[in-house]
Engineer: 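Have a look at this one before I ask anything.
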Amino acid sequence: MSEAATAPSYVGTANQVVSAPNGVDYAYRDTGGADGVPLVTLQHFRGNLDNWDPALIDALARHRRVISFDNRGVAASSGVTPRTITQMALDAIDFIDALGLGEVDLLGFSIGSFVAQEIALIRPSIVRRVVLASSAPQGASGMHGWAANVIGAVGKPGPSPQDYLGVFFTDSETSRTAGMEVLGRCAARTADRDENTSWQTRLAQYDAVCSWGQPNHSLLQRVSAIAQPVFVANGDSDPMILPHYSHLLAGLIPAARVKIYPDAAHGFLFQHHAEFAADVEDFLWEAE
């Protein structure tokens with residue numbers, strides 16, 4: 001592992017567009033150096049390129065190329081957001097193909113972690129390692145939609161900073177302070193920001209979440225086909241995707257390990273960005 005070439009912070013990374021054969025123009029940002037296998041990130045519910053914490057992306061990009069993108073119909077990417085996780089995964093594969101990336105590592109967060117699972121199942125040949133942040137397997141009991149206070153906060157037409165903090169961070173002073181710092185970092189980019197996600201994206205993504213979460217015990221076995229090494233992580237107080245699903249998921253995937261971060265909620269990877277990035281780096285550079 002060598003030091004990556006000097007690269008601009010994620011805050012200053014240029015927006016780019018790649019046109020895929022499926023007719024979608026994908027908006028993306030390409031950060032970091034050329035060492036190692038590229039890391040492709042898959043964003044959370046209603047998130048766009050500016051909802052990634054720059055501190056996390058910069059830490060991940062110290063030694064590797066990190067590519068963040070808007071999937072079909074999300075924010076600045078063209079098209080209409082599909083209503084199934086499977087189609088989202090197919091669209092993500094088309095993006096990876098359009099960039100000619102070949103083999104990649106995946107970091108999926110929240111709904112993006114569902115998409116990452118599907119990519120590993122549909123096109124395993126392009127996936128080397130997988131990081132699943134705030135995740136659950138398809139068909140798990142209790143995942144058919146989110147608690148009323150959670151979807152009420154993040155699912156309304158215009159979520160407020162307090163709505164975000166209430167789901168992504170705990171009530172502790174330490175966590176809320178970290179949350180305010182994350183909001184500040186995500187707002188640091190003042191020019192050439194990504195477009196906001198649409199109401200159509202919100203509806204379609206939540207349809208996909210609810211379909212994914214329909215209880216079906218037989219579907220739990222699907223992830224046992226994921227042969228790649230997998231790092232499953234969550235906060236100990238995530239109200240959106242409860243941490244016990246991380247343990248369930250890690251128990252179903254043959255080569256998985258799990259870590260739960262303390263005093264943290266859905267945004268644990270932003271709150272604990274330095275520790276999480278170091279854990280991901282160790283996992284991705286681990287000898288086979």
Side-chain angles (χ1 to χ4, degrees), residues 1 3-4 6-15 28-33 35-71 75 104-113 115-116 129-135 161 164-165 167-170 174-189 193-194 230-238 240-241 246 259-285:
M1 180 172 62
E3 290 291 335
T6 301
S9 165
Y10 186 68
V11 170
T13 299
N15 294 329
Y28 71 100
R29 293 180 189 159
D30 194 338
T31 312
D35 286 359
V37 175
L39 176 64
V40 175
T41 67
L42 300 144
Q43 183 60 293
H44 65 71
F45 177 66
R46 302 183 75 179
N48 66 12
L49 296 174
D50 293 318
N51 292 123
W52 286 110
D53 183 352
L56 174 62
I57 300 298
D58 288 348
L60 292 170
R62 285 183 59 221
H63 301 294
R64 67 174 59 246
R65 185 181 180 191
V66 178
I67 301 168
S68 304
F69 77 105
D70 293 329
N71 210 343
V104 299
D105 293 325
L106 299 174
L107 191 167
F109 175 27
S110 192
I111 189 174
S113 74
V115 177
R129 286 176 175 254
V130 184
V131 180
L132 301 175
S134 295
S135 195
Y164 174 81
L165 291 171
V167 173
F168 279 66
F169 300 90
T170 73
T174 298
S175 185
R176 285 303 173 100
T177 297
M180 292 300 296
E181 292 171 351
V182 171
L183 286 172
R185 291 194 295 266
C186 288
R189 185 185 182 105
R193 289 182 64 84
D194 197 5
V230 177
F231 175 41
V232 182
N234 204 351
D236 64 357
S237 301
D238 187 347
M240 182 177 280
I241 302 177
S246 295
K259 179 172 179 177
I260 306 298
Y261 293 76
D263 185 27
H266 198 61
F268 77 92
L269 66 172
F270 301 159
Q271 177 177 336
H272 294 282
H273 58 88
E275 181 181 359
F276 178 71
D279 291 338
V280 170
E281 182 173 319
D282 288 345
F283 169 68
L284 295 181
W285 286 103

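Just so it is clear, the values below take in all heavy atoms, side chains as well, and ignore hydrogens, waters and symmetry mates.
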Engineer: Taking the side chain as C-beta and beyond, is there a heavy-atom pair between Asn48 and Gln43 under 4.5 Å?
Structural biologist: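 Not in contact.
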
Engineer: When rounded to the nearest 0.5 angstrom, what is the spacing between OG1 in Thr170 and CG in Asp263?
Structural biologist: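 So the OG1 of Thr170 and the CG of Asp263 are separated by 3.5 Å.
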
Engineer: So, for Leu106 and Ala116, which heavy atoms are closest and what is the spacing to 0.1 Å?
Structural biologist: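 Of all heavy-atom pairs spanning Leu106 and Ala116, the closest is CD1-O, 3.9 Å.
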
Engineer: To the closest 0.5 Å, what do you measure between CG (Asp194) and CZ (Arg29)?
Structural biologist: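 Separation between the atoms: 6.0 Å.
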
Engineer: Taking the six-membered ring of Phe231, is NZ or CZ of Arg129 closer than 6.0 Å to its centre and within 45° of its axis?
Structural biologist: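 No, Arg129 does not lie over the aromatic ring of Phe231.
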
Engineer: So, do Ile241 and Ser135 sit near enough that their side-chain heavy atoms are less than 4.5 Å apart?
Structural biologist: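 Answer no - side chains too far apart.
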
Engineer: Can you see which heavy atom on Pro262 is nearest to which on Asp236, and at what distance?
Structural biologist: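 In this case the closest contact between Pro262 and Asp236 is CA-OD2, 3.5 Å.
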
Engineer: Between OH of Tyr261 and CG of Asp279, what distance do you get to the nearest 0.5 Å?
Structural biologist: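 One gets 3.5 Å once the value is rounded to the nearest 0.5 Å.
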
Engineer: Please give me the minimum heavy-atom distance between Asp58 and Tyr10, naming the atom from each residue.
Structural biologist: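 Taking every non-hydrogen atom into account, OD1-N, 2.7 Å.
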
Engineer: For residues Met240 and Ser110, determine if any side-chain heavy atom of one lies less than 4.5 Å from a side-chain heavy atom of the other.
Structural biologist: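 Yes - at least one pair of side-chain heavy atoms lies under 4.5 Å apart.
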
Engineer: From Lys259 NZ over to Phe268 CZ, what is the distance, rounded to the nearest 0.5 angstrom?
Structural biologist: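 Spacing of NZ (Lys259) from CZ (Phe268) equals 10.0 Å.
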
Engineer: Kindly indicate whether the side chain of Leu42, heavy atoms from C-beta on, has any atom under 4.5 Å from the side chain of Phe69.
Structural biologist: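 Counting from C-beta outward, Leu42 and Phe69 do come under 4.5 Å.
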
Engineer: Measure the CG-CD distance between Asp53 and Gln271 for me, rounded to the nearest 0.5 Å.
Structural biologist: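 Answer rounded to 0.5 Å: 11.0 Å.
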
Engineer: One pair to check against side chain to side chain contact (heavy atoms under 4.5 Å, CB included): Phe168 and Leu183. What are the steps and the verdict?
Structural biologist: CA-CA 11 Å; Phe168 279 66; Leu183 286 172; over 6 Å; no

Engineer: What's the separation between atom CZ in Arg193 and atom SG in Cys186, rounded to the nearest 0.5 Å?
Structural biologist: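 Between Arg193 CZ and Cys186 SG, I get 8.0 Å after rounding to 0.5 Å.
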
Engineer: Might you point out which heavy atoms bring Ile111 and His44 nearest each other, and give the distance in Å?
Structural biologist: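 Taking every non-hydrogen atom into account, CG2-C, 3.6 Å.
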
Engineer: Quick check: does any side chain N or O of Arg64 sit under 3.5 Å from a backbone N or O of Gly32, one acting as donor and the other as acceptor?
Structural biologist: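 Side chain of Arg64 to backbone of Gly32: no pair is present.
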
Engineer: Is there side-chain contact between His273 and Arg185, with heavy atoms separated by less than 4.5 Å?
Structural biologist: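 Sidechains of Arg185 and His273: in contact.
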
Engineer: Under 30°, 30 to 60°, or over 60°: which ring-plane class applies to Trp52 and Phe109, parallel, tilted or perpendicular?
Structural biologist: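 Tilted.
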
Engineer: Can you tell if the side chain of Tyr164 reaches within under 4.5 Å of the side chain of Val182, non-hydrogen atoms only?
Structural biologist: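 Yes, side chains in contact.
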
Engineer: Quick one: closest heavy-atom pair of Ala59 and Ala277, and the distance?
Structural biologist: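 Shortest heavy-atom contact: CB-CB, 3.5 Å.
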
Engineer: Minimum heavy-atom separation for Thr41 and Val66, please, with both atom names.
Structural biologist: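 Shortest heavy-atom separation between Thr41 and Val66 comes out as CG2-CG1, 3.9 Å.
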
Engineer: Answer yes or no: is there a side-chain heavy-atom contact under 4.5 Å between Leu49 and Asp70?
Structural biologist: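 Leu49 reaches Asp70 side chain to side chain.
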
Engineer: With heavy-atom distances below 4.5 Å as the criterion, would you say the side chains of Leu60 and Thr31 are in contact?
Structural biologist: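 No, side chains not in contact.
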
